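Reviewing the structure listed below.
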Amino acid sequence: MNPSILALCGGVGGAKLALGLSRTLRPDELLIAVNTGDDFLHLGLHISPDLDTVMYTLAGAADPERGWGLAGETWNFMEAIARFEGSDWFRLGDRDLATHVYRTRALQQGLGLAEVTKSLCDAFGIAHRVLPMTDDPLQTIIATDQGDLPFQDYFVRLDCRPRVRSVRFNWVEMARPHPEFAALLNNRELRAVILCPSNPFLSIDPILSLEGVRPGLQSSPAPVVAVSPIVGGKALKGPAARTMEELGMAPGNLAIAEYYRDFLDGLIIDRIDEHEAAAIEKLGIKVKIVDTVMRSMQDRIDLAETTLEFAIGLTRR
Ligand code: FO1
C-alpha cells in the first residue's frame, strides 16, 4: 500500500466526506487518519467514537439519522443498565457493544489500536485504510465554566451546554502520530491532504497537535485543502459555531481559514457563504464555492471529486 491522498477526519460530518472519498479512490490510494481524542473508557469498555463512526459509515452500516452507531440497532442493554444510576447517559446499542467488547479485549491482549481497527475494518468489509491518528493515549479536555471535562462528558452528558474556555489534549507530549500516518505525511509522493468537514477545534486540532503533524503539513509538497463544516454561520452538526464564539472568534469560514492559515492552500465553502471568499483569498488561501451539504450518496461522491480536483490543481504557496 502506498497511498497518495491523506484525509484527516473526525466524526459524523467528516465521515460523510470520507465515504465520498472511499467511493472515488481505490483502497490503495487513500489513508484516513481519524481523531482519537474523544476516546474514553466507559463501563469498562474502550470506546473510540470517531473511529466507530468512520468505520460504520464506510461499511454502509451507520444509522442514517444519528450518524453514529449502527443502523437497525436495539437497546436492551441500555434499558437494563439504566437501572443502575448514572450508567445510561452514553448510549451503547446491543450490536455496537460487540465492537467495543472486541476492541477492549484485543487492547488488553496487547494489540495496538491501529491493529485492532484493521481487524474491525476487515470484519466490516472495509478495504480502505482507516487509521487512528495515534496508538498512544491522548485525551481531549474541554475547560469550561463548569470545570475541566473529558470530551464525551461535555459533548454527550452535558449536551455541549457548558461554555468552552479552552481546549487541551492530555498526554499529547508523549503521543506520536501513527508511523504509517507520519510516513505518508512526509512522503514526497503525497498528492493531496484533505481536512474533512469536522470541528476544527475539537476534532481536527487533536490530530494537528501531535508531534510533527502541523510542521509536516507546512512543509509537505502536497496541497492541503479543507472542507468547511460551517454553513451560513452555523455548524451542520455539533457545536463548532458556538465553540468558535466561546473561544472568542467570529463563527465563520474566515476564522477557520485563519486558524489553518499556516498550512492551508485551499478552502471549500458553501454557496451561501460566497461573500466570505474575498477576505479568505486575501490570506493567500484559494476558495472553491460549491454546495457542501451532503444529503445523498451522490452529494458525498460529488463533493469528494470536487475536493480532489481542486486540491490536485493547486500549487503550494
Ligand atoms: N453521541 C451522542 O450524542 N449520544 C450518545 O449516546 C452517543 C453514543 C455513542 C456510542 C458509540 C459511539 O461510537 C459513538 C456515540 N456517540 C454518541 C457519538 C459520539 O459521541 C460523537 O459523535 C463524537 O464523539 C463526536 O465526534
Side-chain angles (χ1 to χ4, degrees), residues 7-19 32-59 61-79 81-82 86-104 107 113 116-117 120-121 123-124 126 130 132-133 138-142 149-162 164 167 169 195-208 229-230 235-243:
L8 309 186
C9 192
V12 178
K16 289 185 180 181
L17 185 66
L19 174 59
I32 306 166
V34 179
N35 170 42
T36 55
D38 303 5
D39 289 22
F40 74 134
L41 263 188
H42 184 60
L43 305 174
L45 300 172
H46 182 112
I47 319 282
S48 294
D50 287 355
L51 279 171
D52 292 340
T53 299
V54 172
M55 224 164 47
Y56 294 164
T57 302
L58 261 59
D63 182 90
E65 299 300 316
R66 294 190 307 273
W68 55 266
L70 288 162
E73 191 57 280
T74 53
W75 303 95
N76 296 305
F77 169 73
M78 271 292 105
E79 278 164 32
I81 201 128
S87 302
D88 63 338
W89 60 271
F90 193 78
R91 293 166 63 209
L92 298 175
D94 299 333
R95 293 178 197 191
D96 185 30
L97 207 47
T99 301
H100 312 306
V101 169
Y102 178 82
R103 177 189 289 122
T104 305
L107 290 172
L113 185 59
V116 183
T117 305
L120 286 166
C121 284
F124 274 95
I126 300 163
V130 177
M133 63 182 197
L138 181 150
Q139 186 187 34
T140 300
I141 299 288
I142 320 283
L149 298 167
F151 183 84
Q152 299 299 338
D153 280 275
Y154 162 76
F155 195 83
V156 177
R157 189 170 64 80
L158 297 170
D159 200 18
C160 306
R161 281 187 305 271
V164 178
V167 181
F169 308 112
L195 273 59
C196 292
S198 298
N199 187 316
F201 315 97
L202 305 182
S203 300
I204 300 293
D205 215 31
I207 311 179
L208 302 180
I230 299 280
L236 287 172
K237 184 101 176 72
R242 249 205 25 231
T243 315

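Indexing begins at 1, ligand by ligand and atom by atom, following the structure's order. The structure presented is a predicted model; accordingly, all values stated were derived computationally and were not measured.
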Atom of Ile207, atom of Ala33 and distance for their closest heavy-atom approach: CD1-O, 3.8 Å
Mark up the atoms of ligand 1 that fall under 4.0 Å of a heavy atom belonging to Phe151, in ascending order. 24 (O), 25 (C)
[atom] [closest protein heavy-atom partner, distance rounded to 0.1 Å]:
atom: atom 20 (O) of ligand 1; value: Gln152 OE1, 2.8 Å
atom: atom 26 (O) of ligand 1; value: Asp50 OD1, 2.8 Å
atom: atom 19 (C) of ligand 1; value: Pro49 CB, 3.8 Å
atom: atom 22 (O) of ligand 1; value: Phe155 CE2, 3.9 Å
atom: atom 6 (O) of ligand 1; value: Arg91 N, 2.8 Å
atom: atom 16 (N) of ligand 1; value: Trp68 CD2, 3.4 Å
atom: atom 11 (C) of ligand 1; value: Asp96 OD2, 3.4 Å
atom: atom 10 (C) of ligand 1; value: Phe90 CE2, 3.2 Å

Side-chain heavy-atom pair Arg161, Tyr154 within 4.5 angstrom cut-off: no
Side chain to side chain, Phe151 and Phe40, heavy atoms closer than 4.5 Å: no
Option whose closest heavy atom lies nearest to atom 13 (O) of ligand 1, chosen from Val12, Leu92, Asp52, Asp88: Asp52
Could you see which bit of Arg66 sits under 4.0 Å from ligand 1, with heavy atoms only: side chain, backbone, both or neither? neither
For ligand 1, note which part of Thr53 has a heavy atom under 4.0 Å away: side chain, backbone, both or neither. neither
Is any N or O atom of Ser48, backbone or side chain, closer than 3.5 Å to an N or O atom of ligand 1? no
Indicate yes or no: does an N/O atom of Asp38 lie under 3.5 Å from an N/O atom of ligand 1? yes
Pairing residues for Asp88 by the side chain to side chain donor-acceptor pair (under 3.5 Å) criterion, not counting sequence neighbours: none
Between Asp52 and Arg103, is there a side-chain N and carboxylate O pair less than 4.0 Å apart? yes
Compute the minimum heavy-atom distance from Tyr56 to ligand 1 and say whether it is under 4.0 Å. no
